[in-house]
2 protein chains.
Amino acid sequence: MSAEERLERATRLCAGRGARLTPQRARVLRILIEAERPLGAYEILAEMAEGQRALAPPTVYRALEFLLAQGLVHRLETLNAFIDCRHPERPHPAQFLICSACGRVVEIDDEAIAARLLDAATQSGFAASRKVVEVIGVCEGCR
Amino acid sequence: MSAEERLERATRLCAGRGARLTPQRARVLRILIEAERPLGAYEILAEMAEGQRALAPPTVYRALEFLLAQGLVHRLETLNAFIDCRHPERPHPAQFLICSACGRVVEIDDEAIAARLLDAATQSGFAASRKVVEVIGVCEGCR
DNA sequence: GCGCAAAACGTTATATTGTATCTTTTCGTG
DNA sequence: CACGAAAAGATACAATATAACGTTTTGCGC
Ligand SMILES: [Zn+2]
Ligand SMILES: [Zn+2]
Ligand SMILES: [Zn+2]
Ligand SMILES: [Zn+2]
């Protein structure tokens, strides 16, 4: 799926929800999609500054907040970075494989893991809301 | 298990490994054990400054680095905070349940989750080294 | 004990990541 | 157009983490 197609899908999803994917927000999303790797907020900021007057951090953080709420991007806690979601149609508990050698990130969507985790939380009396699962390792190509 | 007992256990473990649990490091560990909740590095720093001349951030970060390497504490990625480990005898992939209401954290050690995760990573060609699993939710007492 | 190298620690400065607050602009609606 | 709400701009700052470098302490072979 090309970058353009993914952007169009995002536009469609937001339209269907009455959410406003403004040019600014779409620009942040585009940067993330085209990067094909996780980007820190300040990396995005630097991208956006290219050829324009510099923007301030809250601009990027607010756009990211929107995109996170719409499920169009995920936050990687171990990297303090953001990556676009490959299956933004519906909310899902995502798991990430992060290569410590090349930085590549793979999003997997393993229902069994999510279910087992939910189960363990319930057994401990927790009502789970957000599940953060990130595996740091070395990808196939880097071995 | 009391705070003293846990400190003694840590002392014993380090001695057996030839690792130096210096007074400074033990102090950081004690602060974490007695807090009974996750603490940020700067919270620890503030604790250590009580009644003494102020210390600088690297002091705490270095002590934490040692304690992490020894498996005596864990880092909570979603909170940028640290918590003492309840089962430091051997390395283990830990999972955490974090109450967003009261801040309480429970460490669970579910082998099935770890195994399933390792399996998923392997299937995607990843050699997993570190597994971060944190569930944000609301604990029993807070509902 | 002596000398040495490694480890630990102190200190200063700085990098990185993230927010608070207030103002201005934009956009949809009546 | 008038209005209110949402978004964006702008400034300042808070919170978290590390770099760099020098000094002290420690363990160890001699
Ligand atoms: Zn996703
Ligand atoms: Zn790789
Ligand atoms: Zn543990
Ligand atoms: Zn609670």
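Lettering of chains follows the sequences in order, A, B, ..., and the numbering in each one begins at 1. Since this is a predicted model, take the numbers as computed values, not measurements.
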Self-check item: Candidate pair B:Cys14 and B:Leu72, rule side-chain contact (heavy atoms from CB on, under 4.5 Å), full reasoning
Solution: CA-CA 10 Å; B:Cys14 287; B:Leu72 295 169; 3.9 Å; yes
Please list, for nucleotides 9-13 of chain C, all pairs of protein and nucleotide N/O atoms separated by less than 3.5 Å.
unit_1	atom_1	unit_2	atom_2	d
C:dC9	OP1	B:Thr22	OG1	2.8
C:dG10	OP2	B:Gln24	NE2	2.8
C:dG10	N7	B:Arg62	NH2	2.5
C:dG10	O6	B:Arg62	NH1	3.1

Practice problem: Give a yes or no on whether the backbone of A:Ile136 and the side-chain of A:Ser100 come within a donor-acceptor separation of less than 3.5 Å. | Solution: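 Flag not set: sc A:Ser100 to bb A:Ile136 has no pair under 3.5 Å.
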Using a cut-off of under 3.5 Å, enumerate the N/O to N/O pairs linking the protein to nucleotides 14-16 of chain C.
none

Quiz prompt | Partner residues of A:Arg6 under the side-chain hydrogen bond (donor to acceptor under 3.5 Å, both in side chains) criterion, sequence neighbours left out | solution =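 Partners of A:Arg6 under the side-chain hydrogen bond (donor to acceptor under 3.5 Å, both in side chains) test: A:Asp84.
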Output one line per pair: protein atom, nucleotide atom from nucleotides 25-30 of chain C, and distance, for all N/O pairs under 3.5 Å.
none

Practice problem: Check whether the side chains of A:Glu134 and A:Thr78 place a donor and an acceptor atom closer than 3.5 Å, and report yes or no. | Solution: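 On atom types as modelled, these side chains qualify, holding a pair under 3.5 Å.
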Self-check item: Pair B:Phe82 and B:His74, ring centroids less than 6.0 Å apart
Solution: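 Ring-ring flag for B:Phe82/B:His74: false, centres at least 6.0 Å apart.
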Quiz item: Pick from B:Leu7, B:Ile44, B:Thr11: which one makes a side-chain contact (heavy atoms from CB on, under 4.5 Å) with B:Leu29?
Solution: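 Result for side-chain contact (heavy atoms from CB on, under 4.5 Å) with B:Leu29: B:Leu7.
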Quiz item: NA contact type, A:Arg75, heavy-atom cut-off 4.0 Å: base, sugar-phosphate, or nothing?
Solution: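 Contact class for A:Arg75: sugar-phosphate only.
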Self-check item: Carboxylate-amine/guanidinium contact A:Glu89 A:Arg9, below 4.0 Å
Solution: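 Yes, A:Glu89 and A:Arg9 are salt-bridged.
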Quiz item: Whole Å only: how far is the CG atom of B:Leu64 from the C1' atom of C:dA8?
Solution: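 B:Leu64 atom CG is separated from C:dA8 atom C1' by 15 Å.
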Quiz prompt | N/O donor-acceptor pair under 3.5 Å between B:His92 side chain and B:Arg90 backbone | solution =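 Yes; judged by distance alone, with no hydrogens or angles, the pair exists.
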Exercise. Mind checking the CG-CD1 spacing from A:Leu32 to A:Ile83? Nearest 0.5 Å is all I need.
Key: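 The distance works out to 8.0 Å.
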Quiz prompt | Donor-acceptor contact below 3.5 Å, side chain B:Glu43 vs main chain B:Gly40 | solution =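 Flag set: sc B:Glu43 to bb B:Gly40 pair under 3.5 Å.
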Self-check item: Nucleotide C:dT19, atom P - distance to CG of A:Leu45 in whole Å
Solution: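 A:Leu45 atom CG is separated from C:dT19 atom P by 14 Å.
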Quiz prompt | Rounded distance (Å) that lies between atom C1' of C:dA8 and atom CD of B:Gln70 | solution =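 Computing the B:Gln70:CD to C:dA8:C1' distance gives 14 Å.
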Self-check item: Under-4.0 Å salt bridge between B:Glu77 and A:Arg75
Solution: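 Looking at A:Arg75 together with B:Glu77, the answer is no, because their closest N to O distance does not fall below 4.0 Å.
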Self-check item: Interatomic distance, B:Thr59 atom OG1 to B:Leu64 atom CG [nearest 0.5 angstrom]
Solution: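 Atom-to-atom, B:Thr59:OG1 and B:Leu64:CG are 11.0 Å apart.
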Quiz item: Taking 5' to 3' order, which nucleotide of DNA chain D is first and which is last to have an atom within less than 4.0 Å of a heavy atom in chain A?
Solution: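 With heavy atoms of chain A under 4.0 Å away, the range is D:dA6 to D:dT11.
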Quiz prompt | N-O pairing of B:Arg30 and B:Glu4 below 4.0 Å | solution =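 A salt bridge links B:Arg30 with B:Glu4.
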Self-check item: Salt-bridge criterion met for B:Arg12 and B:Glu5 (N-O under 4.0 Å)
Solution: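 Salt bridge flag = no for B:Glu5 with B:Arg12.
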Quiz item: What is the bend of the helix from C:dG1-D:dC30 to C:dG30-D:dC1 when you compare the axis at one end with the axis at the other, using five pairs each and rounding to 10°?
Solution: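 One end's axis against the other's: 30°.
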Exercise. Kindly compute the distance separating OG (A:Ser124) from CG (B:Leu97), expressed to the nearest 0.5 Å.
Key: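 Output value for this atom pair is 5.0 Å.
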